[in-house]
Asker: 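Right, I'll just put the structure down here and ask away after.
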Amino acid sequence: MDEIEHLHQVGLKATAPRLKVLEILRHGARRHLSAEDLHRELLLGDADVGLATVYRVLGQLEQAGIVARRSFETGHAVYEIDEGRHHDHLVCVRCGRVDEFEDPAIEARQAAVAESRGFQLSEHRLALYGLCRACRPAGSAP
Ligand SMILES: [Zn+2]
Ligand SMILES: [Zn+2]
């Protein structure tokens, strides 16, 4: 299904800002972007869209279940295409970069901890905070 049909299906018109935001989130170099990141990308692509519009579009796409908003302790939120696939995040406390990972051993341990305490697990969110490769001081241990 193409993006235009997808938007129609959730009751949204396929406006240029909506299509461009989705294009960047789906096909850009990074899957997790803040509203400011998206705004910058749109300007680089010559789209004349204000930051307020970016926020409004993201809110609409989130409500429609196409985009998921993730907020972290660093106080900023990023958006990603909601593929309904569980994953956890690595968050850079300096530049705000967010990457994702999934580790079967961590997943299994969490399930085991919950079970051993008679706790019925419904979901979990795990975020690792630190410095990304680009922000680490040069020469620090790998
Ligand atoms: Zn960083
Ligand atoms: Zn993610």
Side-chain angles (χ1 to χ4, degrees), residues 1-47 49-117 119-142:
M1 182 172 39
D2 75 11
E3 206 75 272
I4 294 174
E5 264 179 74
H6 194 185
L7 284 168
H8 287 167
Q9 215 170 53
V10 297
L12 291 174
K13 282 192 188 127
T15 61
R18 287 174 186 155
L19 289 171
K20 282 182 182 141
V21 163
L22 288 172
E23 159 80 23
I24 294 167
L25 285 172
R26 268 191 217 287
H27 306 296
R30 288 164 57 181
R31 279 180 31 83
H32 301 75
L33 293 171
S34 68
E36 290 76 10
D37 294 333
L38 279 160
H39 185 228
R40 209 173 303 122
E41 295 271 328
L42 285 164
L43 294 180
L44 285 176
D46 273 343
V49 178
L51 184 57
T53 302
V54 174
Y55 273 109
R56 193 169 62 244
V57 163
L58 286 168
Q60 292 159 344
L61 295 172
E62 186 191 358
Q63 272 207 322
I66 300 175
V67 158
R69 179 182 190 272
R70 318 276 188 211
S71 47
F72 299 104
E73 309 273 334
T74 46
H76 88 289
V78 297
Y79 297 81
E80 64 179 293
I81 298 291
D82 189 352
E83 289 168 341
R85 179 182 50 83
H86 172 75
H87 58 266
D88 295 310
H89 294 104
L90 295 152
V91 182
C92 178
V93 298
R94 185 165 297 161
C95 72
R97 182 188 171 98
V98 175
D99 286 306
E100 66 183 61
F101 71 95
E102 196 187 349
D103 185 310
I106 292 177
E107 299 292 321
R109 283 306 304 154
Q110 291 179 131
V113 165
E115 198 182 326
S116 73
R117 285 160 174 76
F119 184 81
Q120 186 180 18
L121 192 63
S122 52
E123 66 161 324
H124 75 263
R125 281 172 202 186
L126 177 64
L128 305 183
Y129 294 91
L131 295 175
C132 75
R133 206 180 284 277
C135 291
R136 272 172 36 190
S140 66

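Numbering of ligands and ligand atoms starts at 1, following listing order.
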Asker: Return yes when atom CD of Glu100 has more than 12 non-hydrogen atoms of other residues, nucleotides or ligands closer than 6.0 Å, and no otherwise.
Answerer: yes
Asker: Report, rounded to 10°, the angle at the Zn ion (ligand 2) between the two atoms NE2 (His87) and NE2 (His32).
Answerer: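 Output for this angle: 130°, rounded to tens.
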Asker: Under 2.8 Å from the Zn ion (ligand 2) - does any N, O or S atom of Glu100 fall there?
Answerer: no
Asker: Could you please spell out the steps behind the salt bridge (charged side-chain N to carboxylate O under 4.0 Å, His left out) verdict for Glu80 and Arg85?
Answerer: CA-CA 11 Å; Glu80 64 179 293; Arg85 179 182 50 83; 5.6 Å; no
Asker: Report yes or no: do Tyr55 and Glu36 form a side-chain donor-acceptor pair below 3.5 Å?
Answerer: yes
Asker: With respect to the Zn ion (ligand 2), what is the nearest N, O or S atom of Glu80?
Answerer: OE2
Asker: Does the separation of the ring centres of Phe101 and His87 fall below 6.0 angstrom?
Answerer: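 They do not qualify: ring centres at least 6.0 Å apart.
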Asker: Given atoms SG of Cys95 and SG of Cys135, what angle do they subtend at the Zn ion (ligand 1), to the nearest 10 degrees?
Answerer: 110°
